[in-house]
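Input: a single structure, listed below in structure tokens.
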Amino acid sequence: MDEVTRRAMLTATAAGGVLTLASAGNAQTTEPIPQPQRPGHGGTDPGPRNLARDRQNPDLLVPPPTDHGTLPNLRFSFSDSHVRQETGGWTRQITVRELGISKEIAGVNMRLNAGGVCELHWHKAAEWAYMLNGTARITAIDQDGRSFVDDVGEGGLWYFGSGIPHSIQGLNPDGCEFLLVFDDGDFDEDDTFLISDWFKHTPNEVLAKNFGAPASLFGHTPDPSERYIFPAPLPGPLSSDKIAGATAVPQRFSHRLMAQEPIKTRGGTARISDSSTFPASITIAAALVEVNPGALREMHWHPNTDEWQYYIDGQARMGVFAASGQARTFDFQAGDVGYVPFAMGHYIENTGAAPLRFLEIFKSSYYADVSLNQWLALTPPELVQAHLKLDPQALAALHKDKFPVVPG
């Protein structure tokens with residue numbers, strides 16, 4: 001039995017809910033069927049229903065009694081996104097069309113086979129990336145003709161500002177998979193400026209004048225439908241792709257996030273990347289957070305902007321507080337995207353048996369959060385007590401230092 005099913009059973013049982021065994025029509029399984037009820041509320045659901053979804057989302061089926069109000073959906077899975085399959089790999093996206101609340105940030109999940117190239121291109125939006133597995137070679141130039149080439153491996157980042165032309169290619173032994181984040185929720189992959197597309201839609205005589213070569217040498221560009229993500233010969237060593245005599249960009253477009261010393265607590269770790277540690281990344285800040293089983297990304301909020309999340313490993317639930325008595329709880333698994341609107345309080349709890357890893361991403365040049373625990377610890381205790389009537393032992397447990405992840 002998986003952890004989500006077990007937790008759904010415990011939740012319903014503790015609340016007095018009914019869990020029925022599978023019917024004869026589902027005789028192939030004896031897993032209990034969670035029901036949307038707790039004492040005095042709800043009832044059974046005889047179907048039709050999607051049991052797999054219900055088991056993945058126990059806090060939607062049986063919300064904590066503290067949930068209240070009509071918060072919008074704050075979760076979408078890449079598993080529910082259309083996969084665009086190309087000759088050199090595949091890609092899928094979550095934009096404001098899929099997750100309507102996410103007006104500030106869009107995300108793309110891309111896979112490049114070994115040798116597979118995401119062709120020379122640029123975007124209106126800035127592009128930030130986190131390498132999920134494998135290695136890619138990235139190339140770019142800036143507006144002053146200064147060049148950059150690097151190999152980015154698992155846990156590495158890159159950032160290309162708005163309008164910066166670049167390419168990405170999967171390397172041996174098995175290409176790569178990565179998450180792309182764009183600082184515009186309306187971003188769409190189909191709006192990418194592709195080099196083949198521009199050549200195909202420019203008269204040959206114009207290309208001839210532009211490049212100072214006979215027009216007969218042009219007109220052989222493959223159709224853009226054959227490009228975007230396509231196979232190409234694997235490049236040589238990194239040094240072979242560095243252009244002789246080229247001036248390097250003053251700020252690197254890549255960053256070794258895993259080389260940073262993490263913030264360590266008894267509950268897990270956090271690595272923060274923003275323009276202070278990755279100077280090129282002026283519109284995206286992020287944190288890679290690891291939460292031990294049973295531990296909690298503490299109750300907090302962000303005072304500068306919305307939060308877009310990507311879940312890499314493990315299982316989690318997130319509770320979001322939106323003021324005016326509104327609160328809602330969501331469940332997450334690997335490949336899911338979460339969202340927290342600006343300044344809303346929230347926590348993220350590891351509900352699985354393995355470590356939880358996820359990214360917190362912000363459209364901002366800097367990372368900032370406010371800890372509920374630290375705020376209360378640094379407020380006169382008499383004032384805190386007057387508000388909350390806390391037990392003296394709870395007051396004494398407040399800590400003046402910030403611990404992003406607290407143990408279970």
Side-chain angles (χ1 to χ4, degrees), residues 1-11 55-59 64 74-79 107 109 111 128-135 152-157 174 176-179 181 255-273 277 285-300 302 307-320 329-340 346-362 367 369 371-373 399 401-408:
M1 183 185 302
D2 64 305
E3 179 63 18
V4 171
T5 305
R6 185 192 70 80
R7 186 158 57 87
M9 291 177 58
L10 293 176
T11 300
R55 288 188 169 114
Q56 289 175 359
N57 297 286
D59 291 293
L74 301 177
R75 174 192 174 276
F76 196 88
S77 177
F78 270 111
S79 294
N109 179 206
R111 157 77 170 164
W128 181 96
Y130 177 86
M131 185 61 70
L132 295 165
N133 57 69
T135 306
V152 179
E154 184 173 340
L157 312 178
D174 189 36
C176 58
E177 182 180 350
F178 46 89
L179 175 74
V181 172
H255 177 64
R256 305 308 196 244
L257 179 63
M258 300 310 293
Q260 286 185 207
E261 184 66 26
I263 300 169
K264 295 180 181 179
T265 73
R266 290 190 297 120
T269 64
R271 288 178 169 88
I272 295 171
S273 173
T277 58
L288 174 64
V289 182
E290 183 166 310
V291 183
N292 296 334
L296 188 78
R297 172 68 175 97
E298 68 163 347
M299 298 171 73
H300 67 285
H302 301 280
E307 175 181 344
W308 191 95
Q309 304 162 344
Y310 178 76
Y311 288 82
I312 301 171
D313 294 307
Q315 298 173 175
R317 72 168 179 170
M318 175 175 71
V320 179
T329 306
F330 298 86
D331 299 284
F332 297 92
Q333 302 182 72
D336 289 349
V337 168
Y339 203 83
V340 183
H346 56 288
Y347 65 84
I348 299 157
E349 181 182 16
N350 184 341
T351 55
L356 167 70
R357 282 198 308 145
F358 68 97
L359 288 163
E360 302 176 357
I361 298 171
F362 310 88
Y367 179 92
D369 69 348
S371 162
L372 174 62
N373 198 325
H399 46 75
D401 296 320
K402 186 186 295 185
F403 296 101
V405 185
V406 294

When every non-hydrogen atom of Asp369 is compared with those of His300, the smallest separation belongs to CB-CD2, 4.1 Å
Residues at least two apart in sequence or cross-chain that pass ring-ring contact (aromatic ring centres under 6.0 Å, His included) with Phe178, listed by chain then number, are Trp158
- Message: Is any side-chain heavy atom of Asp336 closer than 4.5 Å to one of Ser77?
- Response: yes
_Asp59 and Phe330: CA distance, side-chain angles, deciding distance, side chain to side chain contact (heavy atoms under 4.5 Å, CB included) verdict_ = CA-CA 6 Å; Asp59 291 293; Phe330 298 86; over 6 Å; no
Note: Thr277 and Ile272 closest approach over all heavy atoms is OG1-O, 3.7 Å
Scanning both residues in full, the closest heavy-atom pair of Leu296 with Glu349 reads CD1-CB, 3.6 Å
Heavy-atom nearest pair, Arg271 first then Met258, reads NH1-CE, 3.6 Å
Could you go step by step and tell me if Arg317 and Asp331 meet the salt bridge (Lys or Arg N to Asp or Glu O under 4.0 Å) rule? CA-CA 4 Å; Arg317 72 168 179 170; Asp331 299 284; over 6 Å; no
When rounded to the nearest 0.5 Å, the distance separating CZ of Phe332 from OH of Tyr311 is 4.5 Å
State, yes or no, whether a side-chain contact exists between Ser273 and Leu157 at a heavy-atom distance under 4.5 Å.
yes
(message) With no hydrogens and no angle check, just 3.5 Å: does a side-chain donor-acceptor pair link Tyr367 and Glu360?
(response) yes
>> Do His346 and His302 make a side-chain contact, defined as non-hydrogen atoms from C-beta onward lying under 4.5 Å apart?
In response: yes
Taken in chain and number order and not counting sequence neighbours, the residues that satisfy ring-ring contact (aromatic ring centres under 6.0 Å, His included) with Tyr347 are none
Note: Val320 and Leu74 closest approach over all heavy atoms is CG2-CD1, 3.9 Å
Rounded to the nearest 0.5 Å, the CD atom of Glu290 sits from the OG1 atom of Thr265 at a distance of 10.5 Å
Requested in this report: Let me see the working for Val152 and Thr135 under side chain to side chain contact (heavy atoms under 4.5 Å, CB included), right down to the final yes or no.
Outcome: CA-CA 6 Å; Val152 179; Thr135 306; 5.9 Å; no
Residues passing the ring-ring contact (aromatic ring centres under 6.0 Å, His included) test with Phe403, sequence neighbours excluded, are His399
d(Glu298 CD, Ser371 OG) to nearest 0.5 Å is 3.5 Å
Open item on the list: Would you say that Tyr310 contacts Leu132 through its side chain, given a criterion of any heavy-atom pair below 4.5 Å between the two side chains?
Closed with: yes
Evaluate the side chain to side chain contact (heavy atoms under 4.5 Å, CB included) criterion for residues Val337 and Arg75: first the C-alpha distance (whole Å), next the side-chain angles of each, then the deciding distance (0.1 Å), finally the verdict. CA-CA 6 Å; Val337 168; Arg75 174 192 174 276; over 6 Å; no
Any side-chain heavy-atom pair of Pro404 and Arg297 under 4.5 Å: yes
*Report yes if some heavy atom in the side chain of Leu179 is under 4.5 Å from a heavy atom in the side chain of Ile312; otherwise report no.*
no
Residue set satisfying side-chain hydrogen bond (donor to acceptor under 3.5 Å, both in side chains) with His255, at least two apart, ordered chain then number -> Gln260
Residues at least two apart in sequence or cross-chain that pass side chain to side chain contact (heavy atoms under 4.5 Å, CB included) with Pro293, listed by chain then number, are Asn350
Discussion item. Between Glu307 and Phe362, does the side chain to side chain contact (heavy atoms under 4.5 Å, CB included) criterion hold? Intermediate values first, please.
Written reply: CA-CA 5 Å; Glu307 175 181 344; Phe362 310 88; 3.4 Å; yes
- Message: Are the side chains of Ile348 and Leu356 in contact, using a 4.5 Å heavy-atom criterion?
- Response: yes
* If we only count heavy atoms from C-beta on, is the Gln309 to Val340 side-chain gap below 4.5 Å? -> yes
With sequence neighbours left out, the residues meeting side-chain hydrogen bond (donor to acceptor under 3.5 Å, both in side chains) with Asn133 are none
Nearest heavy-atom approach of Val291 to Val405 is CG1-CG1, 4.0 Å
